[in-house]
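In the text below, chain A, chain B and the rest are named by the order of the sequence lines, each starting its count at 1.
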Amino acid sequence: MPWRGHRRTYGGKPLRNRRLFRVFPSVWAALIVWGFSVAQAAPPLRLGSGQVTNQEMEAALTCQCSCGLTVHNCNHLQCGFAIPAKEQIAEQLEQGQSREAILASFVSRYGEKVLSAPTATGFNLAAWVTPFLVVLIGAVSIGFLARRWAKRPSTSGAQGLTPRGDGRPSVQPERSVSEVEGYQERLKKELETFEG
Amino acid sequence: MTHLGTLALYLASLLAVYAIVTSLWGVRTRRTAWIASGAQAAYAVGGCVVVASIALLHALLTRDFNVEYVASYSSSTLPLHYTVAAFWGGQKGSLLFWALIHCFFSAVVLFQNRTRNQELMPYVTATLMTIALFFLGLLCFITPPFERLSFIPSEGSDLNPLLQNYWMTIHPPALYLGFISASVPFAFALAALATGKLGDVWIRTTRRWALTSWFFLSLGNLLGGRWAYEVLGWGGYWAWDPVENAAIMPWFTATAYLHSVMIQEKKDMLKVWNMTLVILTFVLTIFGTFLTRSGVISSVHSFTQSGLGPYFLAFLAFILLVSIGLLLYRLPDLKSANEFDSLLSREAAFLFNNLILVGLAFATFWGTIFPILSEWVRGVKITVGPPFFNQVNGPLGVLLLFLTGIGPIIAWRRASWSSLRRQFTIPLVVGLVLGGLLFVLGYRNYYAVVIFSLAGFVLAGILAEFSRGTRARQVMLHESPPQALGRLVAKNPRRYGGYIVHIGVVLIFFGVAGALFTIEKQITVSAEQSFAVGRYTLHYTGITEREDAHIAAQIATVRVLVDGQQIDTMHPEKRFYKKQNQPTTEVDIRPTLVEDLYLVLGSYDVPSGLATFQVFINPLVSWIWIGGLILILGTCVIMAPNPAERQAFALARTSADIRGQAVAE
C-alpha cells in the first residue's frame, strides 16, 4: 500500500510539494470575487433595487455634447445635454421611477450610445465576460505550466547552489538579500583583514 | 526654408530605404562595409529629419501663415512657448516630432553599439529604419507638414486653447518619448529572433531602453492626468478616454515585461513570453497612435479625423506578421529551462503579476475597441465609458496592489512557512490593524478600506526590507543609519530602486482611492454671498475682467474660510480665446496633503451678476503626484550605474561569445 502522500502524481512523478499548490484556491477565490463584483456592478445584473442616487444615474449616462464624459462629469456647466438630462433624472427619481425605467427612457430617445457602460445582455455581455474569461484562462494556464514545470524539491542541503545546467549557480532560495548582503560584507571584511 | 524641409524629408526617406537594404544585404553577403554604410545612412536620416524639424520650427516662429500647418496651429499672438509646442500640437507636426525622436534614439543606439552586438546591429538598423520609413512616408506622401496654402492668411487659427497649458507643453513629448523608445527593445528582439542569438545579451542591452520607455510612459501618463485635472475642469484626472487607454496599455505590458524579464535573467525562463511582451508593447504604441489619428473613435485628446487609419492598420499588420512569423520560426530555440519549485515563490508572484497586468491591458483594449465591434456586429453604436473600466479594472488593480506587497519580498524558488512568517508578519499586522482602525472609525466604503489596508501592507513590507538591510549594514560595518541606508541603495540600485518605485505606486493607489470620498457641489451665487462645501465656507466677492490681444478673461475672487478664519483666496477664471472663438474654464486648485479644494467658475451672467461655481473636495489627490515623483525618483535610482550589473552583462556577453565559438567549431 503506497504512502498516502504519494498518491497524487503528475507525469508519473509524485507531487511532493502539493501543499504549496494549495495557494491555488485563493487565486480562484479572488477571480470569482472579481467576476462577481463585475457582474453585480453591470447595470442589468445589479442586485436589489435599493435607493438610487442622482449621481449614480448621471454617471450611468454619457453626455452627448462630445465632451466624452458622463452626464455627471460633463465639464460644460451650461451643457445643452447634461443640464436637461440631470433635471430629467431628478424628476423621474422624484416620481419614484426605477433605475431601469429611467435608463430605458433615455435609450429610447438617444439610442444605446447614451449608456456609459454596455448592457449585460446579448452581444454586449461579451464586453463584460471576455476580460474575466481571459484572466481565468491565463490563471489556468499558469497553474498548468507551474505544475508542468514543477520539479522535485532538491534533497541536497545546499539548495541555493543547485546548478541550473548551464554552469551558473542558481538563485539563493530562502535567504533575504539583506542577509546575503550581510554575509557578503562580512566575507569582504574578512578578506580585507586577511589580505592586509 | 520649407522647401529645404520638404527636400530633407524626401532625402531622409531615400536614405532610410538605403539603410534597410544595405544592412540586410551586408548580412547576406557577409560584407561589413555594407553594414557600416547602412549605419552611416541611418545617422544621415537623423540629420535630414533634424533639418526638416528646424524648417518647421522656423516657419512657426516666423509666423509663416502661408504654410497650412502654421496657419492651423498658431497665431501672431500665441506666446513663444506655445508656438514651440505647436510643433507637436497638430497631426503633421506631431508625426515629424515622432520621426525626429525616433531618429535621435536610433542614432544613440547605433553609437552605443558601434563596437558591440555586431551580429544583431544590422537587423536593429533595418528594423529602426523601417519604422522611420513608415513615418517619413506619411510625412512625404500623406500628411506633408510643409504644404502651402494658395493664399496668405493675415492671421492663424491659433493653437487649441485646451493645449495652451504648461502641462500640455510637456505631456505629449514625455508620452512620445515613452512610445518611441519602446521601438529599441522591439528592434533588438527582432534582431535576436532573426539571428538566433536568443540569450541574455539582447535583454541586457535593452534593459535600460525598456526602463527608459517605461519611465517616459509613466511620466507621460502622470502629466496627462495632471493636465486633465487642471484643464478639463471636471474635477478628475482620468476618464478612461480611448486615447488615455491607448497611453496606458503599453504601460501595462511594459510593466509586465520589467517584472518577467527578471525571471529570465535569474532562471532562464519565460523567453517566449518576454519576447511576446516586448513585441506587444511596441504594437500597442503603434495601436495607440492609430487610435489617436485614425478617427475611428472620438476623444477629447485625438487629432482631427484624417485618412491615416488604413496606413497605420497596414503597418500594424506588417509588424504583427513579421514578429509572429519570426517568433514561430524560432520557437524551438526559445525553449527555456523552466524550473519551477513552488507557487509560494517570487517567480509565481511575478507570473500572477504578469497575468494581472496583461489582463488589465486586455480589459482596457477590449473596452476601447468594443464600440467598434458592436457597430460591426450589431450595427448599433454603444459607449464603453468609465463605469465599465472602473468595474472591470478596479478589482484587478486591487489584486495588483496585493501582489506588489508579495513579489518583492517573497523568496525566489520556494518560500518556507518560517520565512513567510518572518517576512510577512509585520506587513500583515500593519494592513489588518489599519483596516480594522478604518472600520472602527466608521469607514464603510469597503473598496477604500481594502485599498488603504493593502497600501499599509505593501508599505510596511517595503519599509521593513529597507530597515533590515540598513540594520545589517549598521551591525556588520558600523555605519551610521543614513550612511547605511545610502550605501544599501547604492550597492543594489536595481533592487532598492524597485522598492522606491513600489512606494510611488502605493501612494498613487492611495491617492486614487481618495476619489471614493469626493464631495461636490454646484451653486449659483451673487457677489458677497457665502456658501458651504464640506468643512469650507466660500465667500464670493465678485468678478474682475482682464483682456489682451489673445484672451479675454473673467476672474472670480473667492475667499476660503474654515471655522470663520480666512485661509486662502482663490481665483477661478473663465477665459475666451479670441482666435479660436472658444471659451474655457481655468480652475483654481488649493492642494493640501489631505484634500484639494477644486474651484471652477462655470458661468457669469453680467446683467444679474450671478456666478455659477462647481466645487469639488478631492481627498488625497496630492498623493498621486507625490507618488508619481517618487516613482520617477525610483526609476532614476534603478537606472543609476551599477558595477554588478555591468559585470553580469560582460559575463553574459562572454558566455554568448564562447557558445558562438563552440557552435562555429
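Here A:T130 is the residue among A:T130, A:L145, A:T70 with the most heavy-atom pairs under 4.5 Å with chain B. Options B:V358, B:V380, B:V377 differ in how many heavy-atom pairs under 4.5 Å they form with chain A, and the most are formed by B:V377.
Put simply, the side chain of B:F388 reaches to within 4.5 Å of the side chain of A:P118, judged on heavy atoms.
The structure places OG1 of A:T119 at 7.5 Å from CD1 of B:I382, a figure rounded to the nearest 0.5 Å. Note: B:N390 CG to A:S116 OG = 9.5 Å, rounded to the nearest 0.5 Å. Between atom OG1 of residue B:T518 and atom CD of residue A:Q55 there is a gap of 8.5 Å, rounded to the nearest 0.5 Å. To the nearest 0.5 Å, atom CG of residue B:L355 and atom CD1 of residue A:I142 are 4.5 Å apart. For the atom pair CZ of A:F132 and CH2 of B:W366, the computed distance is 15.5 Å after rounding to the nearest 0.5 Å.
Counting heavy-atom neighbours within 6.0 Å of B:K381 NZ, excluding the residue itself, gives a total of 12 or less. In this structure, A:Q95 places its CD atom where more than 12 heavy-atom neighbours from other residues, nucleotides or ligands lie under 6.0 Å away. Taking a 6.0 Å sphere around CZ of B:F402, one finds it holds 12 or fewer heavy atoms contributed by other residues, nucleotides or ligands.
Looking at B:V384, both its backbone and its side chain come within 4.5 Å of chain A, counting heavy atoms on both sides. If you measure heavy-atom distances from A:L115 to chain B, the contacts under 4.5 Å come from the backbone alone. When heavy atoms are compared at a cutoff of 4.5 Å, A:A59 approaches chain B solely by way of its backbone atoms N, CA, C and O.
Distance alone, capped at 3.5 Å, places no donor-acceptor pair between the A:W128 side chain and the B:V392 backbone.
Ion pairing between B:E375 and A:K113 fails under the 4.0 Å rule for side-chain N and carboxylate O.
B:W234 approaches A:N73 most closely through the heavy-atom pair CB-O, 3.0 Å.
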